[in-house]
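See structure below.
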Amino acid sequence: MPVVLVDCNNFYASCERVFVPRLRDKPVAVLSNNDGCIIARSDEVKALNIPMGAPYFKHRETLDAVGAHIFSANFELYGDLSRRVMHTLETFCNQMEVYSIDEAFLHVPAQSDLTQLGEAIHQRVARWTGIPVRVGIGATKTLAKAASELAKKTKKRTFVLDERNRTALAQVKVEDVWGIGRRWGARLRRNHITTALHLCGLSDQQARRYMNVIGLRTVYELRGTPCFPLEAQPPTRKSVVHSRSFGEAVSDPATMREVLTTFVSRAAMKLRRDKLAAHMLHVFLLTGHRHKPDARQDAATIHLSQATNYTPWLLQAANAGLHKAWRPNSSYTKAGVLCYGLVPESPTQGHLFFPTDPRHAALMHTLDTINRKAGHDAVVFAAARPQKKPPAWATRCTLRSPRYTTRWEELPTAYA
DNA sequence: TCTGGGGTCCTAGGACCC
DNA sequence: TCTGGGGTCCTAGGACCC
């Protein structure tokens with residue numbers, strides 16, 4: 001059964017274009033949180049040789065010079081459009097794995113004209129959502145990924161990779177193979193393995209020597225032997241993280257407590273959404289900048305006596321963690337909370353000394369319902385209430401477009 | 001001056017147990 | 001002087017993905 005990979009082109013940039021059609025052939029770039037890095041580029045921006053993940057400040061002049069349209073990340077919009085794309089894709093298959101916000105693997109029945117199928121997918125998604133997609137088809141996930149890469153290279157909307165054109169793998173650079181990153185790519189390159197076709201020809205021993213078992217599985221997949229099954233059910237997650245870089249450094253514990261209250265509230269909401277409870281909460285505080293040598297991490301892990309997703313208990317743990325991790329005279333630029341040791345929220349093992357109160361779950365349910373309808377900050381814990389609004393530590397995102405599809409007050413306006 | 005956020009898996013080494 | 005073998009669990013670090 002062939003594997004079909006559907007990949008949205010320049011997804012975030014394409015989302016911005018859906019509601020501002022005049023940007024269709026203009027350079028568009030989307031920035032990461034805090035407006036730090038460039039995380040999505042339209043073809044026009046790619047043509048300027050601005051790499052993915054490049055710091056914005058280094059390329060600002062180049063972008064300004066061509067009149068590029070720059071956006072702060074608007075994940076609420078991207079998430080909603082992604083959902084619409086995925087619903088459209090469901091109409092083509094019985095089994096689908098939503099692999100990321102902009103990609104899905106589909107299992108389709110064997111059929112004579114796969115190119116035509118790719119074209120049909122492209123057209124329906126474009127018509128129903130306004131998002132352009134690319135389709136790669138192969139015998140395994142890794143081959144479907146390679147096919148998608150070849151589609152990009154040959155400027156086709158669909159690329160079918162099979163026995164007959166297997167040698168096209170010579171056009172795929174080794175570090176562009178799914179599962180081969182920069183490090184392994186460089187290592188393979190030093191040993192004269194520069195394309196996907198070379199990788200295919202490695203012996204198992206060689207593959208194992210240059211990489212690890214995951215690398216070996218990648219080689220098998222390139223040969224046409226499936227090792228990575230389609231995961232229609234998302235596996236239960238093992239951790240939930242909420243972290244942010246600050247717009248302005250935080251150097252007093254009271255403000256950090258306000259920060260962590262917000263972060264824990266978000267993480268707890270994610271836990272409840274997935275019906276999970278955490279046994280452990282890890283608090284981490286970072287000083288300096290990632291790319292500077294003096295960066296330091298202060299952290300603490302709190303073990304909870306009972307797995308929970310009840311925000312007040314997690315807040316208690318976070319405060320204890322803050323107390324342990326905080327080092328005086330520090331100036332923190334980023335912080336986060338990590339919940340792990342996750343178990344299903346019910347049935348939770350009862351605790352002899354802290355019996356659960358059924359009203360807790362009801363309270364959290366009410367809180368989540370309100371915040372889902374009215375926005376994350378509609379109801380917050382008092383400790384999260386900032387002195388100033390927005391607080392100085394808030395993430396910078398001055399260029400964010402309206403959340404057209406998820407907020408009533410931000411609906412697009414049409415003029416006749 | 002300014003460099004994101006959220007995940008997974010593998011491996012090696014240390015602690016600990018019998 | 002001579003000091004085993006097998007197992008588990010945890011952690012940190014490194015690799016990868018989008």
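Numbered from 1 within each chain, the chains take letters A, B, ... in sequence-line order. Just so you know, these numbers use all the heavy atoms, side chains as well, and skip hydrogens, waters and symmetry mates.
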For this session: Identify whether any heavy atom of A:S239 sits under 4.0 Å from a base atom; if not, whether one sits that close to sugar-phosphate; answer base, sugar-phosphate or nothing.
Result: sugar-phosphate

Exercise. DNA chain B: A:R208 or A:R237, which has the more 5' nearest nucleotide?
Worked result: A:R237

For this session: Just jot down the ring-ring contact (aromatic ring centres under 6.0 Å, His included) partners of A:Y310, sequence neighbours excluded, or say none.
Result: A:W313, A:H360

Seminar exercise, completed: Taken in chain and number order and not counting sequence neighbours, the residues that satisfy salt bridge (Lys or Arg N to Asp or Glu O under 4.0 Å) with A:E410 are A:R403

Exercise. Which residues within residues 171-202 of chain A lie with some heavy atom under 4.0 Å of an atom in DNA chain C?
Worked result: A:V177, A:W178, A:G179, A:I180, A:G181, A:R182, A:R183, A:W184

Exercise. Given the P atoms of C:dC18 and B:dT3, what is the spacing between them in whole Å?
Worked result: 25 Å

Exercise. For A:D102, which contact category applies under a 4.0 Å heavy-atom criterion: base, sugar-phosphate, or nothing?
Worked result: sugar-phosphate

Exercise. What are the bounds, 5' to 3', of the part of DNA chain C that sits under 4.0 Å from heavy atoms of chain A?
Worked result: C:dA15 to C:dC18

Residues 182-197 of chain A, side-chain donor-acceptor partners within the protein, below 3.5 Å, at least two apart:
from   : atom 1 : to     : atom 2 : distance (Å)
A:R187 : NH1    : A:Y210 : O      : 3.4
A:R189 : NE     : A:E175 : OE1    : 3.0
A:R189 : NH2    : A:E175 : OE1    : 3.4
A:R189 : NH2    : A:E175 : OE2    : 3.1
A:R189 : NH2    : A:T194 : O      : 3.4
A:N191 : ND2    : A:R187 : O      : 2.8
A:T194 : OG1    : A:H198 : ND1    : 3.3
A:T195 : OG1    : A:L197 : N      : 3.2
A:T195 : OG1    : A:H198 : N      : 3.1

Exercise. Would you find more than 12 non-hydrogen atoms of other residues, nucleotides or ligands less than 6.0 Å from A:R400 atom CZ?
Worked result: yes

For this session: With a 4.0 Å heavy-atom cut-off, tell me which residues in residues 47-72 of chain A come close to DNA chain B, sorted by residue number.
Result: A:P55, A:F57, A:K58

For this session: Output the distance between atom CZ (A:R166) and atom CD (A:E163), rounded to the nearest 0.5 Å.
Result: 6.5 Å

Exercise. Going by atom types only, do A:R124 and A:T129 share a side-chain donor-acceptor pair under 3.5 Å?
Worked result: no

For residues 43-66 of chain A, dump all side-chain donor-acceptor pairs below 3.5 Å to protein atoms at least two apart in sequence or in another chain.
from  : atom 1 : to    : atom 2 : distance (Å)
A:D43 : OD1    : A:N10 : ND2    : 3.3
A:E44 : OE1    : A:R17 : NH2    : 3.0
A:E44 : OE1    : A:S42 : OG     : 2.7
A:K46 : NZ     : A:N10 : OD1    : 2.6

Exercise. Is it true that the side chains of A:Y332 and A:D298 contain a donor and an acceptor less than 3.5 Å apart?
Worked result: yes

Exercise. Are the aromatic rings of A:Y12 and A:F75 close, with centres under 6.0 Å apart?
Worked result: yes

Seminar exercise, completed: Taken in chain and number order and not counting sequence neighbours, the residues that satisfy side-chain contact (heavy atoms from CB on, under 4.5 Å) with A:T262 are A:A384, A:W393

Exercise. Side chain to side chain donor-acceptor pair (under 3.5 Å): which pairs involve residues 20-41 of chain A, sequence neighbours left out?
Worked result: A:D35-A:S72

For residues 238-254 of chain A, please give each side-chain donor-acceptor pair under 3.5 Å, one per line with the distance, not counting sequence neighbours.
from   : atom 1 : to     : atom 2 : distance (Å)
A:D252 : OD1    : A:T255 : OG1    : 2.6
A:D252 : OD2    : A:A254 : N      : 3.4
A:D252 : OD2    : A:T255 : N      : 3.2
A:D252 : OD2    : A:T255 : OG1    : 3.1

For this session: Can you tell me which stems involve DNA chain C, if a stem is defined as three or more consecutive Watson-Crick or G-U wobble pairs, both distances under 3.5 Å?
Result: B:5-18 with C:5-18

Seminar exercise, completed: On DNA chain B, more 5' by nearest nucleotide between A:V241 and A:Y12 is A:Y12

Exercise. Looking at residues at least two apart in the chain, or sitting in another chain, which of them share a ring-ring contact (aromatic ring centres under 6.0 Å, His included) with A:W178?
Worked result: A:Y99, A:F105, A:F228

For this session: Classify the nucleic acid contact of A:N34 as base, sugar-phosphate or nothing, counting any heavy atom under 4.0 Å across all strands shown.
Result: nothing

